Structure formats: C-alpha cells, structure tokens
Amino acid sequence: MRRRSLAVLVRHAVALAATAAPVIGAFEASCGPGDPASDAAPSGCNVTWQGPVAMSCFVDPFFYSGPVATGTMADPSACGLADAAATAAQCASICGAYGPICIANGNSSTIYCTDTTDIHPDTLCGRRPRGLRQPRPRRSTAALLAHAAHLEAASVIAFERLHSELVSHGAPRSLQRAALRARRDEQRHARMTERLARRRGATAATPSCAAQADRDLLTIAIENVVEGCVRETYGAAVATWQAEHAPARDVRAVMQSIAPDEVRHAALAWRVARWVDDRLDARGRQVVREMGRRAVQELRRNAAGPANAELGLPHATTAQRILNQLSIDLWDPAFPGQP
C-alpha cells in the first residue's frame, strides 16, 4: 500500500475478478448429494471419480475447502470442453451430484467439483468485536441480510472500543476521529441493512458481547490486523462487488452507499496497524504478522460460500479471485513468509 491507496487496490481486485467472473458460477441446479444431475453430461463424456472427500487443495489460481470430488476425463472434448474454462452449465452437467461448482478446461483431463455446502456469511462484512456472540447463520436472502445487519451493529461496538483504546494509549487525534466517524457509519449501515432484511421478512438479532478489560497494544494490534487489515479489507471488496453487481435495486443502492465507507474503515485499520507497529518490539511485530497470515488463510477456507443472486454476493470462484489479487497486492507484502 506504499504506492497505491487501499481504494485503488480494492478496485483493482474487483475489476480483475469481474473480467473473469463469467467463466464459472453457481448453476441453478436442483440436484444434491446422491441425486441425479439436472442436465445430462454429453454423450461420450466418461469421467472416473475420486471423492468427494473433505479436503483443502490449491488448484491454481483457485482455492476450495471441501468436500471436493476429483474427476479424470477420458476425453475433455467429448465433455464439451475446449481450451476455455468450463461454463456454469457445463460444470453442472459434468459434475452431476458432485457439483454444481467446478474448475476444468480442455487443457487438462482433471475436473474438480464441489457443492460448497459450507457457508460462512460472517466473512463478508463487519469488524467483529472480541467476545461477540453470533447467531447461527442461515442461507435465505432475508436471513443473510439480517445477519449482515447484525454484523454492522456489532461493528458499532468494535469501533467504540477501538476509539476508547486509541484514546487510552495516546494515539494521534486523527485516528481517534476516524474511529468515531467509522462508528457513526456503522450505525447508519446497521439501519440500512436492517430495513432491507425487514422488507424481506427477517429481523436482525441485537449483538451481544462479553465485557472486555483494558488491553495492551499487542492484543489490540492482533485484533486490528485480523478484523481490520484482513476481514474488513475483504469485506470492502465484497461490498464494492455488490454495489456493481447486485440485481436487486434496493440492495445495490444500499451497497453503493456502504462500499466507500467500508474501504475507508479498512484503510483506518492499516493506519492503526502502522501506528501500533512502531510501538511494538520485534517479537510483537512478528506475532502480529503471523496472525495476519493465519487470518488470510482462514478467510480463504471460509469465504467461498454459495452465491446469492439477489444480493449480488460473488460466486466462490469470484471470491477467490478477489482474495488472490488482494494477497498479491497487499497481504503478501504486509505479512511476508506466508506459505
């Protein structure tokens, strides 16, 4: 982030993901584990399957967290694949009950399929305060919006705490003022997303957090790097994606208001990180960087939930493209040594 602002880096990651987004997506198939595929694979498409098994694997440049089924195609062209990557419909027809998400192209005989049954919508927005008690997330559009509103309200608490701790540790007034502004932003975000949820018949739970004692700078730095430099940065990119791609007009309008605020909040996290870094010893700085690396790895494992058409949430593949570019431009240089 030395040469380019965070806003530019977020826009860059989203723009690159957008150019590749049509390659693959969640196909609206009604099949599940053990059920027949909604579309039959092309005649002559013979695939030998291994799995699905719970696994984590890199399939450059994508990352999936299981269950993943690995198939070997006798002849990719017989499956309708040329040099380009498989389309969503091709994924559904070839993967069948193992799908509907896949990675495949005609340059390789291997196809990777997953149904992305795990969903972790809390990776999509909000700075979580320590001790937050989170309700179990559900998959419907209304429930996802209610969960987003819950996280936005929880972010109000997080920024209140951040402001208090910045004051107690003598941080510059500019950081203190930015934390107060972020708190006001999150109050507005919570109201906006709550209205979206109510419009669809859901109500957000009121956030509940365990009491926290005064914390030292290292503890504050660890929370800031995980919740701010990693999660908020990705959340800002997702909000930017939704602001451009959400089909629902009211959702798109809300995200167009929220996205630039979230970019600013993420930039605040990086400013706080630089201020704290100068006040930590070498061991403390090493711990913070290690926690940053782990947060990126956790986000990669958990961020690829199924897309939601109405909300414009990115498909698993698009989410990983965004994460990959943020890693290249931002996280890898900031947290050197990431495997």
Side-chain angles (χ1 to χ4, degrees), residues 10 14 118-163 179-210 212 223 226-228 230-266 268-269 299 302-314 319 322:
V10 167
V14 170
D118 294 328
I119 182 169
H120 301 267
D122 65 312
T123 62
L124 301 182
C125 61
R127 174 187 276 247
R128 301 170 302 184
R130 185 175 178 84
L132 175 66
R133 301 182 180 95
Q134 298 193 71
R136 184 175 181 177
R138 299 186 183 277
R139 297 180 180 223
S140 71
T141 295
L144 286 173
L145 284 169
H147 191 67
H150 169 79
L151 289 171
E152 297 286 7
S155 295
V156 176
I157 300 172
F159 280 113
E160 286 176 348
R161 287 183 180 174
L162 177 62
H163 172 259
L180 286 177
R181 180 181 179 182
R183 183 190 66 179
R184 292 193 297 271
D185 290 340
E186 297 294 3
Q187 289 172 331
R188 177 167 48 85
H189 297 175
R191 292 193 297 269
M192 297 167 74
T193 50
E194 171 74 6
R195 283 196 295 269
L196 290 175
R198 286 183 178 275
R199 196 173 296 163
R200 291 161 174 81
T203 303
T206 301
S208 174
C209 296
Q212 297 293 313
E223 180 177 285
V226 172
E227 297 298 325
V230 177
R231 285 173 48 85
E232 274 192 308
T233 298
Y234 176 65
V238 171
T240 301
W241 179 271
Q242 289 179 273
E244 297 177 358
H245 298 277
R249 182 177 300 179
D250 59 344
V251 174
R252 191 167 64 250
V254 165
M255 298 315 299
Q256 287 169 353
S257 175
I258 288 177
D261 293 342
E262 296 298 344
V263 171
R264 190 173 62 253
H265 299 173
L268 170 61
L299 195 57
N302 294 340
N308 181 287
E310 186 176 1
L311 300 184
L313 293 175
I322 293 173

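This is a predicted model, so every value here is computed, not measured.
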A.B. asks: OG1/Thr203 to CG/Leu145 distance, rounded to the nearest 0.5 angstrom?
C.D. replies: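 These two atoms lie 12.0 Å from each other.
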
A.B. asks: Could you state the interatomic distance from NE2 (His265) to OG (Ser155), rounded to the nearest 0.5 Å?
C.D. replies: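 Those atoms lie 8.5 Å apart.
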
A.B. asks: Tell me every residue that passes side chain to side chain donor-acceptor pair (under 3.5 Å) with Thr193, counting only those two or more places apart in sequence or in another chain.
C.D. replies: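 If we apply the side chain to side chain donor-acceptor pair (under 3.5 Å) test to Thr193, skipping adjacent residues, there are no hits.
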
A.B. asks: Give me the atom names and distance for the closest heavy-atom approach of Ala202 to Ala142.
C.D. replies: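 For Ala202 and Ala142, the tightest heavy-atom pair comes out as CB-O, 3.4 Å.
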
A.B. asks: Using the test side chain to side chain donor-acceptor pair (under 3.5 Å), find all partners of Arg199 that sit at least two apart in sequence or belong to another chain.
C.D. replies: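 With sequence neighbours excluded, Arg199 shows a side chain to side chain donor-acceptor pair (under 3.5 Å) to Asp250, given in chain and number order.
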
A.B. asks: For the pair Arg181 and His163, evaluate side-chain contact (heavy atoms from CB on, under 4.5 Å) and give the outcome as yes or no after the intermediate values.
C.D. replies: CA-CA 10 Å; Arg181 180 181 179 182; His163 172 259; over 6 Å; no

A.B. asks: Do you know which two heavy atoms are closest between Ala154 and Pro207, and how far apart they sit?
C.D. replies: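 So the minimum-distance heavy-atom pair works out to N-CG, 3.8 Å.
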
A.B. asks: How close do Ala237 and Ile322 get, counting heavy atoms only, and between which atoms?
C.D. replies: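 Where Ala237 meets Ile322 most closely, the heavy atoms are CB-CG2, 3.7 Å.
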
A.B. asks: Roughly how far apart are His189 NE2 and Met255 CE, rounded to 0.5 Å?
C.D. replies: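 That separation rounds to 8.5 Å.
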
A.B. asks: Give the C-alpha distance, both sets of side-chain angles, the deciding distance and a yes or no for side-chain contact (heavy atoms from CB on, under 4.5 Å) between Arg161 and Glu223.
C.D. replies: CA-CA 11 Å; Arg161 287 183 180 174; Glu223 180 177 285; 5.6 Å; no

A.B. asks: State whether the side chain of His150 and the backbone N or O of Ala205 hold a donor-acceptor pair below 3.5 Å, judged by distance alone.
C.D. replies: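 Yes, the answer is positive, given that a donor and an acceptor are paired below the 3.5 Å cut-off.
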
A.B. asks: Under the side chain to side chain donor-acceptor pair (under 3.5 Å) rule, collect the residues that match up with Arg188, sequence neighbours excluded.
C.D. replies: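 Expected list: Asp185, Ser257, Asp261.
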
A.B. asks: Using a 3.5 Å distance criterion without hydrogens, assess whether the side chain of Arg183 forms a donor-acceptor pair with backbone atoms of Glu160.
C.D. replies: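 Pair absent, no side-chain N/O of Arg183 close to backbone of Glu160.
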
A.B. asks: Which pair of heavy atoms, one from Ala319 and one from Pro314, lies closest together, and at what distance?
C.D. replies: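 That would be N-CB, 4.1 Å.
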
A.B. asks: Please name the pair of heavy atoms, one in Ala248 and one in Arg200, separated by the smallest distance, quoted to 0.1 Å.
C.D. replies: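 The pair with the smallest heavy-atom distance is CB-NH2, 3.9 Å.
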
A.B. asks: Can you list everything that forms a side chain to side chain donor-acceptor pair (under 3.5 Å) with Glu244? Sequence neighbours excluded, please.
C.D. replies: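 Checked Glu244 against side chain to side chain donor-acceptor pair (under 3.5 Å); matches are Arg11.
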
A.B. asks: Look at the side chain of Gln242 and the backbone N and O of Leu313, then say whether any donor-acceptor pair between them is shorter than 3.5 Å.
C.D. replies: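 No, because the side chain of Gln242 does not come within donor-acceptor range (under 3.5 Å) of the backbone of Leu313.
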
A.B. asks: At what distance, to the nearest 0.5 angstrom, does CZ of Arg249 lie from CZ of Arg252?
C.D. replies: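 Separation between the atoms: 7.0 Å.
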
A.B. asks: Which residues satisfy the side-chain contact (heavy atoms from CB on, under 4.5 Å) test with Ala158, sequence neighbours excluded?
C.D. replies: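 Partners of Ala158 under the side-chain contact (heavy atoms from CB on, under 4.5 Å) test: Arg127, Pro129.
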
